[in-house]
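Encoded as structure tokens, the structure appears first; notes follow it.
Predicted model, so just to flag it, every value in this text is computed and none were measured. First listed ligand is number 1; within each ligand, the first listed atom is number 1.
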Amino acid sequence: MAVGIFDSGLGGLTVLDAVSKTLPNQAFVYFADHANAPYGVRTSDDIYELTKTHVTTLWNRGCDLVVLACNTASAAALRRMQEAGVPERKRVLGVFVPMIEALTERQWGDNSPPREVAVKHVALFATPATVASRAFQRELAFRAIGVDVEAQACGGVVDAIEDGDMILAEALVRSHVEALTRKMPKPQAAVLGCTHYPLLQKTFQDALGPGVTVFSQANLVAESLSDYLARHPQMGGDTGDVAYLTTGDPSRVTDRATQFLRRQITFSAP
Ligand code: DGL
């Protein structure tokens, strides 16, 4: 059975790429809501409604497990969807927890009380909606104490990436890093809390300097999904086929995706 991977746009392809490498025999359906992207400037209610609608589409297409490969959707919708209750035998997971577990040196499912961890000063780069939700700080507080988080809302970066304007995207990243380091001069770690940002990981790392460990989600999510499917084999399986769906213009999205991942990726309408 295919696993659904959901994002507002192309960013989740960074996650899909990593999970397909870790799980080459697993089938996936990638669903991008380009018609309503970017999510990062929307209200939390809006993000919740859009995410719920598209996750339901993926469930109805037979994906029992859907991964929100989008921090903005994970921040605004995941907890709310889980609390409202999901249909029997269906699951939805997010991308926050695997990253926070890595940062706080925890194994999956370690629900022991929060404790001191090595990292004390963390810079979070994310969309305005993710920063406003404070979901990262909330999930971190369940697991660690004494960690100072400075969050930088990176307005404009997702739009520039989706438009293929990488020069603008890089300039914006440098200015967001500068704004962050004015508030927190010496972060020990930086979290790229948006699935689009790994496409600019080098720019973040160069602007932050070699002393800052940059945590990017794709590989962490891949490990965590592989672990989850080993424990819940009925949620995965099938062949290694991947289908790519977009609510936007499939030919435009196909061109951009092919340019980003440097291999042919063909999107179609859902
Ligand atoms: N890539 C998404 C994330 O991880 C959000 C991009 C958007 O603003 O739509 O947050």
Side-chain angles (χ1 to χ4, degrees), residues 4-19 30-55 66-81 92-100 123-137 139 151-166 168-169 172-173 176 190-201 204 214-222 224-225 244-248 252-253 256-257 260-261 267:
I5 306 283
F6 173 73
D7 185 42
S8 59
L10 297 175
L13 290 174
T14 59
V15 173
L16 177 69
D17 223 29
V19 296
Y30 184 82
F31 188 113
D33 187 16
H34 281 97
N36 297 296
Y39 277 18
V41 291
R42 290 181 174 274
T43 64
S44 157
D45 282 349
D46 219 5
I47 298 164
Y48 171 69
E49 292 301 335
L50 290 168
T51 304
K52 194 174 70 170
T53 302
H54 299 311
V55 169
V66 177
V67 178
L68 301 182
C70 173
N71 292 268
T72 309
S74 301
L78 181 63
R79 193 167 278 268
R80 213 165 141 186
M81 283 183 75
V92 56
L93 301 174
V95 284
F96 260 51
V97 170
M99 190 173 57
I100 290 174
L124 168 68
F125 296 95
T127 64
T130 300
V131 170
S133 75
R134 299 186 63 80
F136 180 85
Q137 288 89 330
E139 293 294 337
Q152 177 66 30
C154 297
V157 176
V158 168
D159 281 307
I161 294 175
E162 291 282 344
D163 287 344
D165 190 344
M166 298 312 270
L168 174 60
L172 287 169
V173 165
H176 288 305
V191 169
L192 304 189
C194 171
T195 52
H196 284 70
Y197 300 171
L199 294 164
L200 295 161
Q201 180 148 354
F204 275 101
V214 176
F215 283 81
S216 166
Q217 286 165 320
N219 291 333
L220 299 171
V221 173
S224 161
L225 179 62
Y244 298 91
L245 308 175
T246 177
T247 56
R252 184 176 185 275
V253 174
R256 290 273 184 266
F260 283 135
L261 291 193
F267 274 84

Q.
Before you tell me yes or no, could you show the steps for Tyr39 and Leu50 under side-chain contact (heavy atoms from CB on, under 4.5 Å), namely the whole-Å CA-CA distance, both residues' side-chain angles and the distance that decides it to 0.1 Å?
A. CA-CA 9 Å; Tyr39 277 18; Leu50 290 168; 3.4 Å; yes

List below, pair by pair, the N or O atoms of ligand 1 and of the protein that are less than 3.5 Å apart, including the distance to 0.1 Å; reply 'none' if no pair qualifies.
unit_1: ligand 1; atom_1: 1 (N); unit_2: Asp7; atom_2: OD1; d: 3.3
unit_1: ligand 1; atom_1: 1 (N); unit_2: Thr195; atom_2: OG1; d: 2.8
unit_1: ligand 1; atom_1: 1 (N); unit_2: His196; atom_2: ND1; d: 2.7
unit_1: ligand 1; atom_1: 4 (O); unit_2: Asn71; atom_2: N; d: 2.8
unit_1: ligand 1; atom_1: 4 (O); unit_2: Asn71; atom_2: ND2; d: 3.1
unit_1: ligand 1; atom_1: 4 (O); unit_2: Thr195; atom_2: N; d: 2.8
unit_1: ligand 1; atom_1: 4 (O); unit_2: Thr195; atom_2: OG1; d: 3.2
unit_1: ligand 1; atom_1: 8 (O); unit_2: Tyr39; atom_2: N; d: 3.3
unit_1: ligand 1; atom_1: 8 (O); unit_2: Gly40; atom_2: N; d: 2.8
unit_1: ligand 1; atom_1: 9 (O); unit_2: Ser8; atom_2: OG; d: 2.6
unit_1: ligand 1; atom_1: 9 (O); unit_2: Tyr39; atom_2: N; d: 2.6
unit_1: ligand 1; atom_1: 10 (O); unit_2: Asn71; atom_2: N; d: 3.4
unit_1: ligand 1; atom_1: 10 (O); unit_2: Thr72; atom_2: N; d: 3.0
unit_1: ligand 1; atom_1: 10 (O); unit_2: Thr72; atom_2: OG1; d: 2.6

Q: Determine whether the aromatic ring centres of Phe204 and Tyr197 lie less than 6.0 Å apart.
A: yes

Q) Any idea how Tyr244 and Phe267 line up, ring-wise: parallel (<30°), tilted (30 to 60°), or perpendicular (>60°)? A) tilted

Q | Which residues share a ring pair (Phe, Tyr, Trp, His ring centres under 6.0 Å) with Phe96, sequence neighbours left out | A | none

Q) Has the side chain of Thr72 got a donor or acceptor atom that lies under 3.5 Å from a matching backbone atom of Ala129? A) no

Q: Keeping the roles fixed (side chain from Ser8, backbone from Pro38), state whether a donor-acceptor pair exists under 3.5 Å.
A: no

